[in-house]
Amino acid sequence: MLLLTRRFSSVLARSPFLARCPLPPRAVPTTAPASRPPPRRLMSSSSSGWHHSSPPPPPPPPPPSSSSDKDQLFRGLEAALGTTFSSDPLAPPPEPMIIIISGPSGVGKDAVIKRLQEEREEIHFVVTATSRAMRPGEVDGKDYHFVTKEEFLTMIEREELLEYALVYGEYKGIPKQQIRDYMAKGHDIVLRVDIQGAATLREILGESAIFIFLVAESEDALVKRLIHRKTEAPDMLLVRIATAREEVRRMKHFDYVVVNAEGKLEGAVKQVESIIDAEKAKIHKRRLRI
Ligand SMILES: Nc1nc2c(ncn2[C@@H]2O[C@H](COP(=O)(O)OP(=O)(O)O)[C@@H](O)[C@H]2O)c(=O)[nH]1
Ligand SMILES: Nc1ncnc2c1ncn2[C@@H]1O[C@H](COP(=O)(O)OP(=O)(O)O)[C@@H](O)[C@H]1O
């Protein structure tokens, strides 16, 4: 430390900046402090306490004001350290991650993911393959890759799927290659799966992915939302509601729970974004293995 201070002092001594703002002579000792006797202290006659017998040190030099002074000081510090200051980022670059969004049918997974994609370009929503029929308004390759049952079975045989399940009588599965391609390009991956799919993915991905459970504020709200969507016949509605009751009990296996309350879609999306941001800022990051 003493050596550095000396070196810095000698560098600054040669700079015009120092000529205008000289360092106080006692700031850099020329002899080792151990060899110097401790300063004598005298009791002041006033009641205010102790005073040094030596005169007060001169005031520190004023901070550099002009940009050339600041530049001189910067270079002086570099010279004193014997290295240049690097402008490389101090934090490691964020790595792509996999985010799994699950929850009961009708809770708003698709709605949350759609808004998330609008907010964050770097997110890739994996379009899963399904054997179910296309609903009005759905687009092949955007909502799902709609395939026949035979085509789906071929994909299973060829081990092209990271995970697959029979969901309400129809096959659903995640194409592996799509994940690899987008991760290689630095994208974060969002997967939307049912609860059994999330359990399978937990076995495959362990702690390397983030598992988010989406819920409505209440069962009552969830049922109304499903009725309002008008995509299910009453008997299928009953199956989905009964299943949802079971699914909510599996919440404890997830990392986070986000409430998508009625009319508060934006709040749910913001919370998912906060989770992603916090995970990106973690020092001990999740190590992905797929
Ligand atoms: N396990 C698994 N579930 C999926 C996959 N893709 C979609 N799902 C889930 O299948 C369930 C039923 O999907 P769908 O019939 O499209 O109905 P909706 O999502 O409830 O409108 C939803 O809970 C989806 O999350 C997948 O690749 N694997
Ligand atoms: N916060 C919310 N408030 C009101 N309606 C919502 C909200 N989130 C989603 N919805 C609506 O609820 C229905 C079910 O949402 P959807 O995204 O299809 O659910 P999931 O993908 O989980 O089955 C849709 O009609 C959607 O527009």
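Quick note: numbers below take in every heavy atom, side chains included, and nothing from hydrogens, waters or symmetry partners. All ligand and atom numbering here is 1-based and tracks the order in the structure.
Looking only at side-chain heavy atoms (C-beta outward), Asp194 and Lys172 stay at 4.5 Å or farther from each other.
A salt bridge is absent between Arg250 and Glu247; no separation between the charged side-chain nitrogens and carboxylate oxygens falls under 4.0 Å.
Counting protein heavy atoms only, atom 14 (C) of ligand 2 is closest to Gly106 O, 3.5 Å. Looking from atom 3 (N) of ligand 2 to the surrounding protein, the closest heavy atom is Gly263 N, 2.8 Å. Annotation: atom 19 (O) of ligand 2 to nearest protein heavy atom, Gly108 N, 3.0 Å. Looking from atom 21 (O) of ligand 2 to the surrounding protein, the closest heavy atom is Asp110 N, 3.0 Å. Nearest protein heavy-atom contact of atom 17 (O) of ligand 2 is Ala111 N, 2.8 Å.
Between Tyr182 and His124, the ring planes are parallel. Angles under 30° get that label, and only those over 60° would be called perpendicular.
At a heavy-atom distance under 4.0 Å, no atom of Gln196 approaches ligand 1. By the criterion of a heavy-atom distance under 4.0 Å, both the backbone and the side chain of Val193 are placed next to ligand 1.
At a cut-off of 3.5 Å, with distance as the only test, a side-chain donor of Tyr256 or Glu279 sits close to an acceptor on the other residue.
Protein heavy atoms are found less than 4.0 angstrom from atom 6 (C) of ligand 2. For atom 27 (O) of ligand 2, no protein non-hydrogen atom is found at a distance below 4.0 Å.
Within the 3.5 Å criterion, the main-chain N or O of Pro93 finds no donor-acceptor partner in the side chain of Lys280. Proximity of a side-chain donor or acceptor of Arg115 to a complementary backbone N or O of Glu266 within less than 3.5 Å is not detected. Using a distance-only test at 3.5 Å, with no hydrogens or angles considered, no donor-acceptor pair links the side chain of Ser131 to the main chain of Val147.
A cation-pi arrangement is absent between Lys149 and Phe152 under the rule of less than 6.0 angstrom and at most 45 degrees off the ring axis. For the pair Arg132 and Tyr168, the cation-pi criterion (under 6.0 Å, within 45° of the ring axis) is not fulfilled.
The shortest separation from a heavy atom of His228 to ligand 2 is not under 4.0 Å, leaving the residue out of contact. Assignment of Ala268 to the shell around ligand 2 is not supported, since no heavy atom sits closer than 4.0 Å. Under the 4.0 angstrom criterion for non-hydrogen atoms, Arg192 is in contact with ligand 1. Proximity of Tyr144 to ligand 1 is established by a heavy-atom distance of less than 4.0 Å.
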Are Ile101 and Ile99 close enough, and set up right, to give a side-chain contact (heavy atoms from CB on, under 4.5 Å), and what steps lead you there? CA-CA 6 Å; Ile101 299 192; Ile99 303 128; 4.2 Å; yes
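Considering both main-chain and side-chain atoms, Asn260 comes within under 3.5 Å of ligand 2 through a nitrogen or oxygen pair. Taking distance alone, with nitrogen or oxygen atoms compared against 3.5 Å, Ser105 approaches ligand 1 more closely than that limit. At a 3.5 angstrom cut-off on N or O pairs, Thr128 counts as close to ligand 1. Considering backbone and side-chain atoms together, Arg240 places an N or O closer than 3.5 Å to an N or O of ligand 1.
Near Gly173, the atoms of ligand 1 lying under 4.0 angstrom from a non-hydrogen atom of the residue are 26 (C), 27 (O). Listed by number with element, the atoms of ligand 1 under 4.0 Å from a non-hydrogen atom of Lys109 are 23 (O), 25 (O).
Among Arg225, Arg115, Lys224, the residue whose heavy atom sits closest to atom 11 (C) of ligand 2 is Arg225. Atom 12 (C) of ligand 1 has its nearest heavy-atom neighbour, among Glu163, Lys172, Arg132, in Lys172.
In terms of the side-chain contact (heavy atoms from CB on, under 4.5 Å) criterion, residue partners of Asp181 (sequence neighbours excluded) are, by chain and number, Gln177.
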